[in-house]
Novice: 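Structure incoming, see below.
No experiment lies behind these values; they were computed from the predicted model shown.
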Amino acid sequence: MRGRWLEEFQYNELHIELGCGKGRFTVETAGTNPGTLILAMEKLANVMVIALERADFSGVDNVRFIHAFADYLPEYVAPGEVSRIYINFPDPWPSNGHAKRRLTHRRFLEIYKQILTPGGEIHFKTDNLPLFEFSLNEFEQNGFTRLAVTRNLHENGPLGVMTDYELKFHNQGMSICHAIYRT
C-alpha cells in the first residue's frame with residue numbers, strides 16, 4: 001500500500017499513531033475524523049488484538065493496523081504521504097544509553113521528516129517530564145517548528161481524545177505534557 005493509501009481507500013488525509021496500545025485513542029480519533037485514514041502501529045501483537053476488537057466493535061472503518069516497529073515506517077508509507085503523526089505515551093527509555101530508542105530521538109525524527117507532508121505535524125503526549133524535555137530539545141534541534149507546548153494539558157478539565165494511559169493518569173491527578181510540532 002506504500003504510496004497508495006489515500007487513493008486505494010478514498011480518504012483525504014493519512015495519519016499514523018505510533019504505539020496504538022489498546023486502541024482507545026485510535027478508535028475515538030477515527031470516529032471523529034471520518035475523512036482521515038489512520039494507520040495504527042503497534043509492536044505488541046497481544047495488545048494490538050484488543051485495539052482491533054475495539055475498532056471492530058465501534059464500527060469505524062477508517063483504521064488500518066500494522067504490527068511493526070516505527071523503524072519500518074518507510075516500508076509502509078511513501079515520502080510526503082502522511083499529514084500527522086501521533087506519539088502517545090511512548091516508552092521513555094530512561095537510561096541515557098537507550099536514548100536512541102525513544103520515538104522522539106533524532107534518528108526517528110529523520111524518518112518522520114521523510115514521510116510527513118510539507119507542514120505535516122507531530123502530536124506528542126507523555127506523563128514523563130524528563131522524556132518531554134528531551135523531546136522538546138530533539139524537535140527544536142532537528143528543524144521542527146513549535147506550534148504548541150504545555151506541561152499540564154488537562155489543567156482546566158479534559159481536553160481532546162484521551163488514551164487509556166492518559167485517562168488513568170488524569171484520574172490520578174497527574175499532569176500530562178503535550179506538544180505539537182510542524183515540519
Novice: Give me the atom names and distance for the closest heavy-atom approach of Phe108 to Arg101.
Specialist: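 Closest heavy-atom pair between Phe108 and Arg101: CE1-O, 3.7 Å.
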
Novice: Using 30° and 60° as the class limits, which term best fits the ring planes of Tyr165 and Phe89: parallel, tilted or perpendicular?
Specialist: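 Judged by the thresholds at 30° and 60°, the geometry between Tyr165 and Phe89 is tilted.
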
Novice: Can Arg146 and Glu140 be said to form a salt bridge (Lys or Arg N to Asp or Glu O under 4.0 Å), step by step?
Specialist: CA-CA 7 Å; Arg146 180 192 294 209; Glu140 307 231 350; 2.8 Å; yes

Novice: Is it true that, when you exclude Asn46 itself, more than 12 heavy atoms of the residues, nucleotides or ligands shown sit nearer than 6.0 Å to its CG?
Specialist: yes

Novice: Show, in sequence, the C-alpha distance, side-chain angles and deciding distance for Arg107 and Glu138, and conclude whether the salt bridge (Lys or Arg N to Asp or Glu O under 4.0 Å) test is met.
Specialist: CA-CA 10 Å; Arg107 79 180 184 98; Glu138 289 290 291; over 6 Å; no

Novice: Test your reading of the model: is there a side-chain donor-acceptor pair from Lys113 to the backbone of Asn142, 3.5 Å cut-off?
Specialist: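 Checking the backbone N and O of Asn142 against the side chain of Lys113, a donor-acceptor pair under 3.5 Å is found.
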
Novice: Working to the nearest 0.5 angstrom, can you tell me the gap between His98 NE2 and Asp91 CG?
Specialist: 10.0 Å

Novice: List the steps and the verdict of side-chain contact (heavy atoms from CB on, under 4.5 Å) for Lys125 and Phe25.
Specialist: CA-CA 12 Å; Lys125 291 185 200 176; Phe25 179 87; 4.2 Å; yes

Novice: Go through Glu166 and Leu153 one step at a time and tell me if the side-chain contact (heavy atoms from CB on, under 4.5 Å) criterion holds.
Specialist: CA-CA 10 Å; Glu166 187 173 2; Leu153 179 61; 3.8 Å; yes

Novice: Taking all non-hydrogen atoms of both residues into account, name the closest pair between Asn62 and Pro34 and its distance.
Specialist: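 Taking Asn62 first and Pro34 second, the nearest heavy atoms are ND2-CA, 3.8 Å.
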
Novice: Do His15 and Ser83 have side chains that approach each other closer than 4.5 Å (heavy atoms only, starting at C-beta)?
Specialist: yes

Novice: Is Leu136 close to Phe124 at the side-chain level, that is, under 4.5 Å between some pair of heavy atoms?
Specialist: no

Novice: So which heavy atom on Leu129 is nearest to which on Cys177, and how close?
Specialist: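 Scanning both residues, the minimum pair turns out to be CD1-SG, 3.9 Å.
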
Novice: Using the rule that two of Ile, Leu, Val, Met, Phe, Trp, Tyr join whenever any of their side-chain heavy atoms come within less than 4.5 Å, decide whether Leu6 and Val77 are in one cluster.
Specialist: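 Yes, same cluster.
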
Novice: Side-chain contact, heavy-atom cut-off 4.5 Å: Arg151 with Glu133?
Specialist: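 Yes, side chains in contact.
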
Novice: Taking C-beta and beyond as the side chain, do Leu159 and His154 meet within less than 4.5 Å on heavy atoms?
Specialist: yes

Novice: Is any side-chain heavy atom of Lys22 closer than 4.5 Å to a side-chain heavy atom of Val47?
Specialist: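 In contact.
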
Novice: Would you say Phe132 ends up clustered with Leu18 if hydrophobic residues are merged whenever their side chains have heavy atoms under 4.5 Å apart, either directly or through other cluster members?
Specialist: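 As far as the 4.5 Å side-chain criterion goes, Phe132 and Leu18 are connected within one cluster.
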
Novice: Please round to the nearest 0.5 Å and tell me the distance separating atom CD1 of Ile38 and atom CZ of Arg84.
Specialist: 9.5 Å

Novice: Any sub-3.5 Å donor-acceptor pair from Asn152's side-chain atoms to Ser175's backbone N or O?
Specialist: no

Novice: Are Tyr112 and Thr183 packed together at the side-chain level, in the sense that at least one heavy-atom pair is separated by less than 4.5 angstrom?
Specialist: no

Novice: Does one hydrophobic cluster hold both Leu37 and Val63, with members joined at side-chain heavy-atom distances below 4.5 Å?
Specialist: no

Novice: Provide the closest heavy-atom pair for Thr26 versus Cys20 in the form atom of the first, atom of the second, distance.
Specialist: OG1-CB, 3.4 Å

Novice: Can a donor-acceptor pair be found, under 3.5 Å and without considering hydrogens, that links the side chain of Asp56 to the backbone of Leu52?
Specialist: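 Checked: no pair found.
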
Novice: Between Arg106 and Lys100, is the side-chain contact (heavy atoms from CB on, under 4.5 Å) condition met? List the steps.
Specialist: CA-CA 8 Å; Arg106 66 189 67 94; Lys100 65 182 179 211; over 6 Å; no

Novice: Quick one: CD on Glu121 to CD1 on Ile85, what's the gap to the nearest 0.5 Å?
Specialist: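 If I round to the nearest 0.5 Å, the distance is 11.0 Å.
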
Novice: Are Leu116 and Met41 connected into the same hydrophobic cluster when the rule is that any two of I, L, V, M, F, W, Y join if their side-chain heavy atoms are below 4.5 Å apart?
Specialist: yes

Novice: Using only atom types and a distance under 3.5 Å, with no angle test, would you say the side chain of Arg102 pairs donor to acceptor with the backbone of Pro92?
Specialist: yes

Novice: So, taking the atom named CG in Leu109 and the one named CG in Leu103, what distance separates them when rounded to the nearest 0.5 Å?
Specialist: 9.5 Å

Novice: Working to the nearest 0.5 Å, report the span between CZ of Arg24 and OG1 of Thr29.
Specialist: 10.5 Å

Novice: Salt bridge (Lys or Arg N to Asp or Glu O under 4.0 Å) between Arg54 and Asp164: does it pass, once the steps are laid out?
Specialist: CA-CA 12 Å; Arg54 194 176 242 167; Asp164 286 319; 3.0 Å; yes

Novice: When hydrophobic residues are tied together by side-chain contacts of less than 4.5 Å, even through go-betweens, does Leu14 share a cluster with Phe9?
Specialist: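 Yes, same cluster.
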
Novice: For the residue pair Val27 and Ser58, what are the closest heavy atoms and their distance?
Specialist: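 For Val27 versus Ser58, the nearest heavy atoms are CG1-OG, 3.2 Å.
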
Novice: For Gln172, does the CD atom have more than 12 heavy-atom neighbours from other residues, nucleotides or ligands under 6.0 Å away?
Specialist: yes

Novice: Measure the shortest side-chain to side-chain distance between Ile115 and Ile16 over non-hydrogen atoms and say whether it is less than 4.5 angstrom.
Specialist: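 Yes, close enough: below the 4.5 Å cut-off.
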
Novice: Could you give all pairs that pass the ring-ring contact (aromatic ring centres under 6.0 Å, His included) test and reach residues 39-83, with sequence neighbours left out?
Specialist: none

Novice: Flag the pair Pro90 / Leu131 as yes when at least one side-chain heavy-atom distance between them is below 4.5 Å, and no otherwise.
Specialist: yes

Novice: Measuring from atom CD of Gln114 to atom CD of Glu81, what distance do you get when rounded to the nearest 0.5 angstrom?
Specialist: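 Gln114 atom CD to Glu81 atom CD measures 13.0 Å (nearest 0.5 Å).
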
Novice: Can you classify the ring geometry of Tyr181 versus Phe139 as parallel (below 30°), tilted (30 to 60°) or perpendicular (above 60°)?
Specialist: parallel

Novice: Is the backbone N or O of Glu17 less than 3.5 Å from a side-chain atom of Asn88, with the two atoms forming a donor-acceptor pair by type?
Specialist: no

